[in-house]
Amino acid sequence: MCGIIGSTGEGATLNDLLEGLARLEYRGYDSAGVAVARADGTLDRIRAVDGTASLELLAELAKGKSEGYIAGLGHTRWATHGRVTTDNAHPHFDCSGRIGVVHNGIVENFRELKSELEQTGHVFSSQTDTEVIAHLLEDYLKHGSTLKEAVTESISRLRGAMSFVALDADDPKILVATKRMAPLIAGSGSGANFVASDIPAILGKADTFYQIGNDQVVVVSPGDIKLFDLSGNSLELPEIAVEWDLEAAVKGGYPDFMSKEIFEQPAAVRDTLLGRLNSEGEIVLDEMRLNPEELRNINKVFIVGCGTSFHAGMVAKFAIEHWTRIPVELDISSEFRYRDPVLDPQTLVIGVSQSGETLDTMAAMNEASMLSAKTLVVSNVMGSSMARAADAVLYTRAGPEIGVAATKTHTSQIAALLLLALYLAQVRHSIYPSEIADVYSEMIKLPQKIEEVLASDASIEEVAQSMVGIKRFYFIGRQVGYPVALEGALKLKEISYLPAEGYPAGELKHGPIAMIDSDAVVFGIVTRTRLWEKTISNVEEVRVRGAKIVLIANQGDSESEVLGDVIFEVPKTHPLLAPVLDVIPLQLFAYHLAVALGNDVDRPRNLAKTVTVE
Ligand code: M6R
């Protein structure tokens with residue numbers, strides 16, 4: 001997956017492209033590049049490869065280049081086909097160097113297209129799948145097509161999920177873009193019009209934003225944006241209501257996005273819960289497009305997601321089963337559709353995806369729709385591909401998350417999924433209204449309690465700094481503590497690059513305990529649930545084998561505290577809400593350890609925030 005941007009108009013500047021790319025960096029940063037056109041038809045290309053600093057190098061290389069550009073393309077790459085080299089960096093050109101393309105996604109049939117194009121004389125200068133697009137466009141233009149027609153013909157021949165933007169230096173003011181199962185939006189501003197992978201890339205530059213659908217072609221010119229289907233029919237351009245401001249997309253005084261986003265969790269959870277209870281004390285989910293009758297008929301729930309979103313889904317399984325008594329199955333999105341799941345119209349498949357664009361989850365949801373299940377997506381991005389395709393949507397209101405490691409969207413997802421569980425219970429009358437009210441009143445206390453956890457940031461930082469040099473970490477928990485353990489391990493792995501494993505605490509003795517010795521650090525999630533005693537016994541088992549013990553325990557819980565070498569305290573809450581609080585010390589620990597190790601927490605190696613490849 002990669003980030004793409006294009007701009008055109010008198011006010012279009014190289015700087016707009018560079019700023020846009022900086023905000024798209026979460027989509028990949030193996031290399032970065034721009035191609036910019038002048039009115040006289042000259043096309044300049046600058047490309048940079050420099051580890052995680054490719055965008056900085058690109059900005060450096062672009063310094064001193066005069067403005068006066070009237071259109072351009074920009075790209076930040078997460079490599080899939082072709083090694084990380086300058087030749088493989090986008091934008092890619094055709095043989096003549098007149099047609100530029102930036103692309104996100106994978107052209108699955110690029111080998112066959114490439115050999116076909118080579119046989120007709122095209123010369124390739126990269127190992128990427130993307131370059132076939134530039135040469136295909138070249139062919140169509142040579143045979144008299146306009147750029148719009150050439151893009152339409154080309155996307156019909158390309159297989160896979162992707163979006164791309166093309167520019168022809170012979171008519172550089174016109175940018176043509178298309179998408180299939182990959183994110184792409186357009187925007188109009190006073191001085192220039194834009195197309196980009198997402199909204200933050202052009203926030204502050206465009207003032208109106210538009211949705212581009214799958215297999216649609218958008219033609220962006222200085223004064224106009226037009227949308228077409230693949231038959232060339234003109235379509236209405238759907239506007240996206242954007243509530244984020246520019247400030248939300250920049251660091252706001254924090255050293256990096258990850259710390260900013262960790263500290264935004266009280267607001268993110270508060271906003272996600274806002275206005276969800278009416279004056280009669282009932283849960284209301286305005287965006288819910290499934291009616292109560294349909295929800296009453298559900299007899300099976302599947303939850304699918306990847307990474308951190310999957311962990312939020314694990315918490316939801318406990319809540320939905322407990323409050324509604326509907327059986328819930330959980331699956332990693334990339335496994336779900338290949339296991340021939342048994343679904344029918346009475347099955348509800350819940351996809352959890354902050355971006356709403358993760359290809360594995362999107363494909364799982366499509367499979368569920370095809371098998372006639374009802375689908376509901378929990379997403380942080382209004383109008384994201386999954387939000388539009390699903391039968392129902394529930395938005396988290398965390399604001400844009402830029403750091404690759406998901407933090408505020410995770411706690412907001414759990415909050416949203418708990419609301420959903422209560423809502424299902426309400427429409428099915430499976431618990432008393434008074435219990436719903438009691439849980440909800442605990443939920444709205446969460447933002448204040450998150451503030452209390454965040455107040456221990458400095459002491460968690462000290463502990464993290466004291467653990468530089470530790471080589472192995474284990475995280476254990478039971479019931480809802482288990483997804484917290486997995487999430488704590490994932491956060492640590494992805495930004496510190498250290499081996500970290502999460503286990504159900506009771507499972508350790510079936511094998512993993514063999515790895516425990518005095519070099520290991522074990523985090524135990526021991527906040528009070530009905531399984532507290534059992535979890536504490538599992539902590540004892542690793543303590544007596546010499547491991548250093550860090551406990552996530554409730555404030556003032558002296559019985560737990562005596563067992564830990566280090567205690568991270570969190571306030572008490574309803575047991576099913578506890579993951580929202582318990583995960584926060586683990587986020588802070590992972591953050592501070594990674595910073596102490598000198599790692600770039602916003603741009604961990606080998607990762608991209610939104611994974612739009614299978
Ligand atoms: O956008 P999504 O929620 O669908 O993304 C899913 C995962 O790629 C994501 O949660 C990933 O695991 C996080 N970056 C981990 O911090």
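All residue numbers in this chain count up from 1 along the given sequence. Counting starts at 1 for both ligands and their atoms, following the listed order.
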Indicate whether any N or O donor in one side chain lies under 3.5 Å from an N or O acceptor in the other, for [X] and [Y].
X	Y	answer
R472	Y474	yes
T529	Q479	no
T527	D582	yes
T411	Q265	yes

Among protein heavy atoms, which sits nearest to [atom], and what does the distance come to when rounded to 0.1 Å?
atom	value
atom 3 (O) of ligand 1	S309 OG, 2.6 Å
atom 1 (O) of ligand 1	S355 OG, 2.6 Å
atom 6 (C) of ligand 1	C306 O, 3.4 Å
atom 11 (C) of ligand 1	T308 N, 4.1 Å

With atom 5 (O) of ligand 1 as the reference point, say which of T358, T361, N380 has the nearest heavy atom.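 Going through T358, T361, N380 one by one, T358 has the nearest heavy atom to atom 5 (O) of ligand 1.
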Under 4.0 Å from any heavy atom of [X], which atoms of ligand 1 are there?
X	value
G307	12 (O)
A405	16 (O)
S353	1 (O), 2 (P), 3 (O), 4 (O)
E494	14 (N), 15 (C), 16 (O)

Side chain to side chain donor-acceptor pair (under 3.5 Å) for S309 and Q354? Distances and angles first, verdict last. CA-CA 7 Å; S309 294; Q354 76 81 21; over 6 Å; no
Please confirm whether K491 comes under 4.0 Å of ligand 1, counting heavy atoms of the residue only.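 Per 4.0 Å heavy-atom rule, K491 contacts ligand 1.
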Show, in sequence, the C-alpha distance, side-chain angles and deciding distance for S456 and E569, and conclude whether the side chain to side chain donor-acceptor pair (under 3.5 Å) test is met. CA-CA 8 Å; S456 24; E569 285 194 331; over 6 Å; no
Would you say CZ of R83 has more than 12 non-hydrogen atoms from neighbouring residues, nucleotides or ligands within 6.0 angstrom?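 No, not enclosed.
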Going by salt bridge (Lys or Arg N to Asp or Glu O under 4.0 Å), name the residues that satisfy it together with R159, two or more places apart in sequence or in a different chain.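 If we apply the salt bridge (Lys or Arg N to Asp or Glu O under 4.0 Å) test to R159, skipping adjacent residues, the hits are E112.
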Polar atom proximity, L490 to ligand 1 (N or O, under 3.5 Å):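 No; every N/O pair is 3.5 Å or more apart.
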Can you check whether V404 has an N/O within less than 3.5 Å of an N/O in ligand 1?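 N/O-N/O distance under 3.5 Å: yes.
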